[in-house]
Every structure is written in C-alpha cells, then in structure tokens.
Amino acid sequence: MSGISTDLWVLASLAAAAFQTLRFMLQKVLSTAVLSPTGATFARFFYSAPVIAVLVAFYMAGTGQALPATGLLFWGWALTGALAQVTATIFVVTLFKSRNFAVGVTLMKTEVILSVIIGLVLLGEGVSLAAFGAIALGLVGVLLLSTPPQIAGGPRSSMFNRGIALGLGSGVLFAVSAVCYRGASLELQTSDPLLRAGLTLAAVTGAQMTGMALWLWLRDAPQIAAVWRARRVAGWIGVTSMAGSFCWFLAFTLQTAAYVKAVGQVELVLSLLASRLFFGERSTVRELTGMAVICGSIISLVLVI
C-alpha cells in the first residue's frame with residue numbers, strides 16, 4: 001500500500017467519525033421530538049440514497065469508467081451489511097431514549113472490538129495474542145457501562161437490561177456491516193477506490209431506502225409523511241449520512257475493518273463533547289471510567305495490530 005493510500009484511509013476514517021457524530025446528534029433530536037426510531041433511521045437513507053446514485057453516475061461519466069460487474073458475492077455481502085446496519089441504527093436511536101448521548105455512542109462503539117472477531121470469522125483477517133488482550137480490556141469497560149443510572153435490583157438486573165442489550169446489539173451489527181461492506185467492495189473489479197466505495201455505497205443505500213420504505217408503508221405509514229415534514233432537519237441527516245458513509249466505505253476499500261473502526265474511535269471524544277455542549281447531559285464517574293477503559297483498549301488495539 002502506498003503512503004498516499006495509507007494517509008487517505010486514516011483521513012477518511014477521521015472524517016467519517018466526525019460526520020457520524022453530527023448525524024447521530026440530529027437523529028437524537030428527531031427521535032425524541034418528531035420521529036420514531038424507525039422513522040429517524042429511514043430519514044438518513046431517504047435523503048441520501050438518490051443523491052449518492054446521481055453523484056456516482058456523474059463520476060463514472062466524468063472519468064470515462066464503465067460499470068464493473070456485480071456478482072452474487074457482491075450482492076450477498078452488500079445486502080447482509082445493509083440489513084445489519086439498518087437494525088443497528090434502530091437499536092442506537094432507541095438507546096438514546098434510555099441512556100444519554102455519550103454513553104449510547106460508547107456502547108455502540110464496542111463494534112471496534114467485535115469487528116476484529118467478526119473480520120476473522122468472515123474474511124480471515126486475524127489478530128495477535130496481544131490484540132486479544134486489548135479486546136479483553138475493552139470488555140471490562142463495557143461492564144463498567146452496563147448499569148444504567150436509574151436501574152434498581154440485584155446484579156442480574158444490572159448486567160442484563162434493555163440498555164446494555166441495545167448497545168451491545170448495535171455494536172455486533174455495526175461490526176457485521178463494516179466487515180460485509182469491505183467484503184462487497186473487494187468483489188468489484190476496479191482499481192479506483194473512489195468508484196469501489198461509491199458503487200458499494202449506492203447499492204447499499206438504495207437497498208436500505210427501498211426496504212425501509214416498504215416496511216414503513218406496511219407497518220407505520222404515517223412515519224413516511226413525518227419524515228417528509230421533518231425535511232429541514234432530516235435533510236441534514238441525509239447529507240451527513242452520505243458524507244460519513246462515503247468516507248467509511250472509502251476507508252474500507254483501502255484497509256481492514258478493524259483498523260478503520262479503531263481510528264474511528266475519535267468519535268467517542270466528539271460524542272462526549274456533543275453530549276455536554278449541545279444536550280447538557282452529564283456522565284457519572286463510573287460511566288466516564290468505562291469510556292476511558294474502552295478508549296485505552298482501543299489505543300492498545302491500534303498499537304498491536
């Protein structure tokens with residue numbers, strides 16, 4: 001890999017984390033005031049998928065490139081990742097209703113630990129013994145975050161509750177989606193990383209928009225109209241989603257999912273700042289300690305892989 005490519009995937013990962021923080025801030029506002037968790041999730045695809053498709057078409061025309069062949073493996077990876085990402089996003093938006101913004105994002109970011117394991121299983125991208133040590137440290141941080149501030153009961157209720165289930169569930173599903181998106185992009189027969197990222201993203205977001213529109217039409221049709229009425233804010237969700245997703249996909253075409261997600265953990269710092277500055281939320285000492293331990297795990301993971 002060239003130095004330029006190395007710099008590009010790191011910069012893309014950092015940019016993706018920044019855009020994703022902005023998107024989740026907007027989704028938090030909409031999910032608590034205007035839209036259901038499913039509606040807030042649909043908004044990101046509804047306002048981004050058509051734009052992505054148009055931009056990819058213009059890029060191909062401008063560069064004179066033909067559409068690469070997309071086989072069954074490409075669509076298998078892409079659609080599996082798409083379903084996992086939609087479900088994970090619904091989990092996260094629901095989590096925002098029961099836990100504060102920074103803690104919700106921190107629980108979601110267990111995906112960086114889980115992506116190492118899932119990457120090994122699905123793509124054969126293994127890690128060293130030292131990396132497993134970093135993963136174990138991350139699990140300690142998750143346990144520190146596993147008691148919601150208002151929960152009552154014994155140890156069992158502290159360890160098994162709705163908040164921890166949503167947070168860890170989203171982490172697993174986001175890790176699956178990241179590895180699947182890398183697998184899909186590697187199936188495209190082109191050396192242009194921008195085209196590989198753009199085409200994979202267009203396929204995924206198009207499928208997500210169509211699938212969620214059908215689901216809402218059958219199960220909660222009023223939310224489709226609500227997404228349109230909330231377009232002044234929801235439109236920005238689409239913009240930040242498109243920018244962030246493209247940066248993630250670009251990084252996935254250049255580097256393994258575990259490396260990309262490890263660098264993207266800068267989002268933890270950004271979410272904590274957003275939680276304090278924009279939402280006026282406070283974290284407990286236990287939660288701050290858990291976040292610090294997870295960050296230490298992430299730094300250790302970066303150093304050993």
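We use all heavy atoms of the structure for the numbers below, so side chains are in, but hydrogens, waters and symmetry mates are not. Quantities reported herein were computed from a predicted structural model and do not represent experimental measurements. Numbering of residues begins at 1 and proceeds along the displayed sequence.
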Given the rule that I, L, V, M, F, W and Y join up when any side-chain heavy atoms are under 4.5 Å apart, are [X] and [Y] in one cluster?
X	Y	answer
V51	V54	no
L186	L122	no
L201	L254	yes
F19	V239	no
L83	L218	no

Practice task
From the options W77, F74, F249, select the one residue that forms a ring pair (Phe, Tyr, Trp, His ring centres under 6.0 Å) with Y181.
Solution key: F249
Problem - T253 OG1 to L199 CG distance, which is reported to the nearest 0.5 Å - result: 11.5 Å
Do [X] and [Y] have side-chain heavy atoms sitting under 4.5 Å apart?
X	Y	result
W9	L250	no
T70	E187	no
T210	F45	no
Q65	Y59	yes

Fill in the blank from the handout: Result for side-chain contact (heavy atoms from CB on, under 4.5 Å) between F246 and one of V56, L194, L55, I52 points to L194
Closest non-hydrogen atom pair, [X] against [Y]:
X	Y	value
V86	M212	CG1-SD, 3.7 Å
S48	S241	OG-OG, 4.2 Å
S115	V179	O-CG2, 4.0 Å
L195	M60	CD1-CG, 3.5 Å
G39	Q223	CA-OE1, 3.4 Å
F252	R182	O-NH1, 2.7 Å

Problem - Check: A197 main-chain N/O paired with T200 side-chain donor or acceptor under 3.5 Å - result: no
Practice task
State whether the side chain of Q208 and the backbone N or O of A82 hold a donor-acceptor pair below 3.5 Å, judged by distance alone.
Solution key: yes
Exercise for the section: May I ask you to check whether W248 and Q20 show a side-chain donor-acceptor distance below 3.5 Å? Expected result: yes
Problem - Evaluation steps, side chain to side chain contact (heavy atoms under 4.5 Å, CB included), between V176 and Q85 - result: CA-CA 8 Å; V176 169; Q85 184 184 26; over 6 Å; no
Practice task
Would you please classify the geometry between the Y47 ring and the W228 ring as parallel, tilted or perpendicular, with 30° and 60° separating the classes?
Solution key: parallel
